[in-house]
Amino acid sequence: MDIAKILKPEAVRVLGHMTSKKRLFHELGDVAAAVYGLNAAVAVDGLQERESLGPTGVGNGIALPHARLEGLDRIVGVFVRLERAMDFDSVDRQPVDLIFTLFAPKDSGVEHLKALALISRTMRDASVCQKLRANAQAATLHAILTEARPQAAA
């Protein structure tokens, strides 16, 4: 599995201040609708439903919201870098500024988990995060993410 197959360049954005997770999820849904043709409302509902099970803020300023959706035929992603970090109820209670969102088919099973593991390993790389935070051009952010080679899980 490769991030370049999950994340289109048009699905990478830099956004200003978000006032809430709900507002962020609406932005993510709008991007997913524009780039991948997903139903924005269904995408937002899926993200909110998953988030209600527990926060997807994994620490170090990173969140990995994800949802499984009906009618999707492959796993797709949206990446957002916030200019100003926001509260995300993260495990370390730190605000979040790097958000990599995955949308997977409802029945994707193991493929969804593999994609989530790939994104998690990539985002745990401190040098990748440092580069993402140092750049504000969507094309550069996409290049950083798709060129990153995550370490294999131990």
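Here the structure is a predicted model, which means the values were calculated and not measured. Each residue takes its place number in the sequence, starting with 1.
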Please tabulate, for side-chain N and O atoms in residues 60-71, each donor-acceptor pair with protein atoms closer than 3.5 Å (sequence neighbours left out).
unit_1: His66; atom_1: ND1; unit_2: Leu64; atom_2: O; d: 2.8
unit_1: His66; atom_1: NE2; unit_2: Arg50; atom_2: NE; d: 3.2
unit_1: Arg68; atom_1: NE; unit_2: His112; atom_2: ND1; d: 3.1
unit_1: Arg68; atom_1: NH2; unit_2: His112; atom_2: ND1; d: 3.1

When rounded to the nearest 0.5 angstrom, what distance separates CE in Met86 from CG in Leu82?
7.0 Å
Considering only residues two or more places apart or on different chains, which pairs with a residue in residues 12-31 satisfy ring pair (Phe, Tyr, Trp, His ring centres under 6.0 Å)?
none
Glu147: which residues meet the salt bridge (Lys or Arg N to Asp or Glu O under 4.0 Å) condition with it, sequence neighbours left out?
none
Among residues at least two apart in sequence or on other chains, which ones pass side chain to side chain donor-acceptor pair (under 3.5 Å) with Ser52?
none
Which residues share a side chain to side chain donor-acceptor pair (under 3.5 Å) with Thr56, sequence neighbours left out:
Glu51
In terms of heavy-atom contacts, Val35 and Glu10 come closest through CG2-O, 3.4 Å
Distance (rounded to the nearest 0.5 Å) between Leu28 CG and Arg13 CZ
10.0 Å
Closest non-hydrogen atom pair, Gly59 against Ser90
N-CB, 4.4 Å
Value for CG (Leu102) from CZ (Phe79), rounded to nearest 0.5 Å, stands at 12.0 Å
Ser108 (side chain) donor-acceptor with Ala104 (main chain) under 3.5 angstrom:
no
Could you list the residues that satisfy salt bridge (Lys or Arg N to Asp or Glu O under 4.0 Å) with Lys106, not counting sequence neighbours?
none
With side-chain hydrogen bond (donor to acceptor under 3.5 Å, both in side chains) as the rule and sequence neighbours excluded, what pairs involving residues 129-140 come up?
Asp97-Arg133
For Asp107, check side-chain contact (heavy atoms from CB on, under 4.5 Å) against everything at least two apart and list the hits.
Pro105
Keeping the roles fixed (side chain from His142, backbone from Leu7), state whether a donor-acceptor pair exists under 3.5 Å.
yes
How many angstroms lie between OG in Ser120 and CG in Asp125, if you round to the nearest 0.5 Å?
11.5 Å
Applying salt bridge (charged side-chain N to carboxylate O under 4.0 Å, His left out) as the test, list every pair that has at least one member in residues 79-93; sequence neighbours left out.
Lys21-Asp89
Point-to-point distance, once rounded to the nearest 0.5 Å, from OG1 of Thr101 to CG of Leu24:
6.5 Å
Among all residues two or more places apart in sequence or in another chain, which pass the side-chain contact (heavy atoms from CB on, under 4.5 Å) test with Ala4?
Asp2, Thr146
Between Ala11 and Gly77, which heavy-atom pair has the shortest distance, and what is it?
CB-O, 3.4 Å
Pairwise distance CZ(Phe100) to CG(Leu132) - rounded to 0.5 angstrom
10.0 Å
Would you name the heavy atoms of Gly29 and Ala43 that are closest together and state the gap between them?
CA-CB, 4.1 Å
Which pairs with one or both residues in residues 23-45 pass salt bridge (charged side-chain N to carboxylate O under 4.0 Å, His left out), sequence neighbours excluded?
Arg23-Glu27
Residues passing the side-chain contact (heavy atoms from CB on, under 4.5 Å) test with Arg74, sequence neighbours excluded, are Lys8, Tyr36, Val76
